[in-house]
Amino acid sequence: MKKALTLILMLLMLCGASAFADVFTIVTDKEFRPFEYTDEHGDLTGIDVDILAAVAADQGFSYILRPVGFANSIVACQSGEADGMMAGVSITDDRKESGWIFSDGYFEASQAAAVKADAAIDNFEDLEGTQVAVKIGTRGAEYARELKEQYGFTTVFFEDSPSMYVAVIGGECAACFDDAPILDNYIEKSGMPMKLVEGTENECQPYGLAVFSADQQNLLDQFNKGLANIKANGKYDAIIAKYITP
Ligand code: GLN
């Protein structure tokens, strides 16, 4: 009898917990300025971090945000450890076809090649015979894969953007492929001794929150509603203006 009561109590508690409020686990990249990075106080900050906070406040959901890296974020979502991924994720048809499900877009970005500031590399042709740094699982890596045969370069895989930049600045790689707004930020704001190679940008695509199961529709719906609200009430513009100087 006592056992049965305990069981009923436990079931009630479990149902109760899920009925109260949604607590989503969201994963993100580690260092992807200005979308997610650790500031001088050790706090995770950036456009993704602030948009998620503003959307959650608007919709009244709670979340835990974990900066695990880009490829690790994909794995965490696919294995069900995380509910969604907010990491400057480009919305592409290829990804949609392979089962990624996206929110509405919240920022447009392209990918480009970047080289050391004093490198004599002016176009894709100049990459012949070189090693190019790419980040695992990214659209930049996919872009490099599409070009490498034609231009005769090889790719080396890294887990995060700063490691790619170190490889380029240190001379291990001649170039890297990354998102243009991120390269701009590291070059302009942190004085990173690199430059974008003109004419290497691909087509802009929007960033969206990504989930990997139709069961996460609730998260997407709340995100989309909240995003529309913060776009309408000026919060979205204020977040962008805080991190990106026009
Ligand atoms: N926007 C790129 C992509 O989705 C890179 C994202 C990232 O490196 N965090 O692949």
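By convention here, the first residue in the shown sequence is residue 1. Start at 1 and go down the list; that is how both ligands and their atoms are numbered.
Counting all heavy atoms, side chain and backbone alike, A114 lies closest to L183 at CB-CD2, 3.7 Å.
Listed by chain and residue number, the protein contacts of ligand 1 are D29, F32, F70, A87, G88, V89, S90, R95, Q111, K135, T138, R139, D179, Y207 (heavy atom within 4.0 angstrom).
Cation-pi geometry between K231 and Y236 is met: under 6.0 angstrom from the ring centre, within 45 degrees of the axis.
When each of D50, I230, N229, I240 is paired with K235, the side-chain contact (heavy atoms from CB on, under 4.5 Å) condition holds for I230 and for no other. Only one option out of D29, D179, D160 pairs with K135 in a salt bridge (charged side-chain N to carboxylate O under 4.0 Å, His left out); it is D29.
Within 6.0 Å of CD in E125 there are more than 12 heavy atoms belonging to other residues, nucleotides or ligands.
By the side chain to side chain donor-acceptor pair (under 3.5 Å) test, Q216 is found to be paired with D83, residues two or more places apart in sequence or in another chain being considered.
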